[in-house]
Amino acid sequence: MRHLLDVNVWVALLDEAHVFHTQALTFIQRKKLQIATCPLVENGVIRVLNLPGYGKLGPVGFEVVANKLTEICADLDHAFWPDQVSMRTPGMVNWPRVLGHNQITDVYLLALAVANQGCLATLDHRVSLSTVHGASSKNLLLM
């Protein structure tokens, strides 16, 4: 199954000082791993690693991060998933189970993974399968 790595997994992977760097690196080195990215994730990684206050050294550089993403994706079995689902699609999101604004991106990424018969890989243990209709345990990997 193809894994859509969310922004926090990519940030941990690319930042050697990140508390979950080793965990992300171990995951990405799995044999026969199939990964996916999407515009939301790619943009988020470039944005986070270039926040003015990020890390001890500050912004990494937009092109540096984009190039590193390109390099890693080229080295792995990678697929690009366009942002092809909408949160407005009737019956996709179980809105009463969405508990706050901080869950919107996670719900979207989980819905995208379900739509592509894949699995969202995340370090965020607040993601709930019950927020997306049709999601099952095979669609979410809490690292």
Side-chain angles (χ1 to χ4, degrees), residues 1-55 59-143:
M1 177 172 284
R2 193 165 298 279
H3 290 81
L4 176 63
L5 281 61
D6 75 357
V7 173
N8 56 25
V9 174
W10 278 105
V11 169
L13 181 65
L14 295 174
D15 179 357
E16 293 178 4
H18 195 282
V19 66
F20 292 112
H21 175 72
T22 301
Q23 188 175 352
L25 189 59
T26 300
F27 176 77
I28 204 81
Q29 292 173 336
R30 292 174 32 184
K31 291 184 180 189
K32 299 182 181 180
L33 178 68
Q34 297 178 314
I35 67 164
T37 59
C38 68
L40 187 64
V41 168
E42 291 180 0
N43 295 347
V45 173
I46 293 168
R47 180 183 62 81
V48 168
L49 289 174
N50 284 287
L51 290 170
Y54 185 82
V60 176
F62 302 120
E63 189 173 8
V64 170
V65 177
N67 288 341
K68 192 63 178 173
L69 282 169
T70 299
E71 178 185 316
I72 292 171
C73 291
D75 287 343
L76 297 173
D77 183 348
H78 169 261
F80 180 80
W81 291 345
D83 284 338
Q84 63 191 22
V85 299
S86 171
M87 300 285 275
R88 296 179 292 112
T89 302
M92 184 177 74
V93 176
N94 185 4
W95 290 110
R97 298 294 299 160
V98 178
L99 303 177
H101 67 279
N102 289 333
Q103 288 187 306
I104 298 300
T105 300
D106 296 327
V107 171
Y108 178 81
L109 293 176
L110 179 57
L112 185 62
V114 170
N116 284 282
Q117 299 173 349
C119 178
L120 173 61
T122 182
L123 295 166
D124 186 352
H125 286 240
R126 296 173 295 168
V127 178
S128 174
L129 287 171
S130 66
T131 58
V132 175
H133 292 290
S136 70
S137 59
K138 70 178 184 173
N139 301 116
L140 181 62
L141 174 64
L142 301 174
M143 297 176 57

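Atom set for the values below is all heavy atoms of this structure, side chains included, hydrogens, waters and symmetry mates excluded.
For the salt bridge (charged side-chain N to carboxylate O under 4.0 Å, His left out) condition, no pair includes a residue of residues 41-55, sequence neighbours left out. Applying the ring pair (Phe, Tyr, Trp, His ring centres under 6.0 Å) test to every pair with at least one member in residues 24-53, sequence neighbours left out, gives these pairs: H3-F27. Among residues at least two apart or in separate chains, salt bridge (charged side-chain N to carboxylate O under 4.0 Å, His left out) pairs with a member in residues 74-103 are R2-D77. A salt bridge (charged side-chain N to carboxylate O under 4.0 Å, His left out) check over residues 28-41, counting only residues at least two apart or in different chains, returns nothing. Here salt bridge (charged side-chain N to carboxylate O under 4.0 Å, His left out) pairs that include residues 111-129, with residues two or more places apart or in two chains, are D124-R126.
Remark: I35 CD1 to I72 CD1 distance equals 7.5 Å, nearest 0.5 Å. The CG atom of D15 lies 12.5 Å from the CZ atom of F20; values are rounded to the nearest 0.5 Å. Separating the NE2 atom in H18 from the CG atom in L49 is a distance of 9.0 Å, to the nearest 0.5 Å. Once rounded to the nearest 0.5 Å, the distance linking CG of L14 with CG of L25 reads 10.5 Å. Put simply, CG on L142 and CG on L120 are 8.5 Å apart, with the number rounded to the nearest 0.5 Å.
Heavy atoms only, all atoms of each residue included: A12 and L123 are closest at CB-CD1, 4.0 Å. Counting all heavy atoms, side chain and backbone alike, V107 lies closest to M87 at CG1-CE, 3.9 Å. Between Q34 and M1, the shortest heavy-atom distance links the atoms OE1-C, 3.7 Å. Shortest non-hydrogen contact noted between A115 and V85 is CB-CG1, 3.5 Å. Here the closest non-hydrogen pair linking M143 and H125 is O-NE2, 2.7 Å. Across every non-hydrogen atom of C73 and T37, the tightest pair is SG-CG2, 4.0 Å.
Residues V127 and D6 form no side-chain contact, since every pair of their non-hydrogen atoms from C-beta on lies 4.5 Å or further apart. In this structure, the side chains of V41 and L5 stay at 4.5 Å or more apart for every pair of heavy atoms. I46 is listed as a side-chain neighbour of L69, based on a closest heavy-atom distance under 4.5 Å. The side-chain heavy atoms of V9 and I28, taken from C-beta on, include no pair separated by under 4.5 Å.
Listed for the H133 side chain is no donor-acceptor partner under 3.5 Å among the backbone atoms of M92. Distance alone, capped at 3.5 Å, places no donor-acceptor pair between the H78 side chain and the A36 backbone. One N or O on the side chain of N139 and one on the backbone of G118 form a donor-acceptor pair closer than 3.5 Å. Panel note: side chain N116, backbone L112; a donor-acceptor pair is recorded below 3.5 Å. The closest donor-acceptor contact from the side chain of N50 to the backbone of G61 lies under 3.5 Å.
Qualifying salt bridge (charged side-chain N to carboxylate O under 4.0 Å, His left out) partners for E63, counting only residues two or more places apart in sequence or in other chains: none.
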| field | Intermediate values then yes/no, side chain to side chain contact (heavy atoms under 4.5 Å, CB included), V11 and Y54 | value | CA-CA 11 Å; V11 169; Y54 185 82; 3.3 Å; yes

| task | Report the C-alpha distance between L109 and T122 in whole Å, list the side-chain angles of each, state the deciding distance to 0.1 Å, and finish with yes or no for side chain to side chain contact (heavy atoms under 4.5 Å, CB included). | result | CA-CA 10 Å; L109 293 176; T122 182; over 6 Å; no

| message | What verdict does the side chain to side chain contact (heavy atoms under 4.5 Å, CB included) test give for N94 and V132, after you've listed the backbone C-alpha separation in whole Å, the side-chain angles of each residue and the deciding distance to 0.1 Å? | response | CA-CA 6 Å; N94 185 4; V132 175; over 6 Å; no

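Within a 6.0 Å sphere centred on CD of E16, heavy atoms belonging to other residues, nucleotides or ligands number 12 at most.
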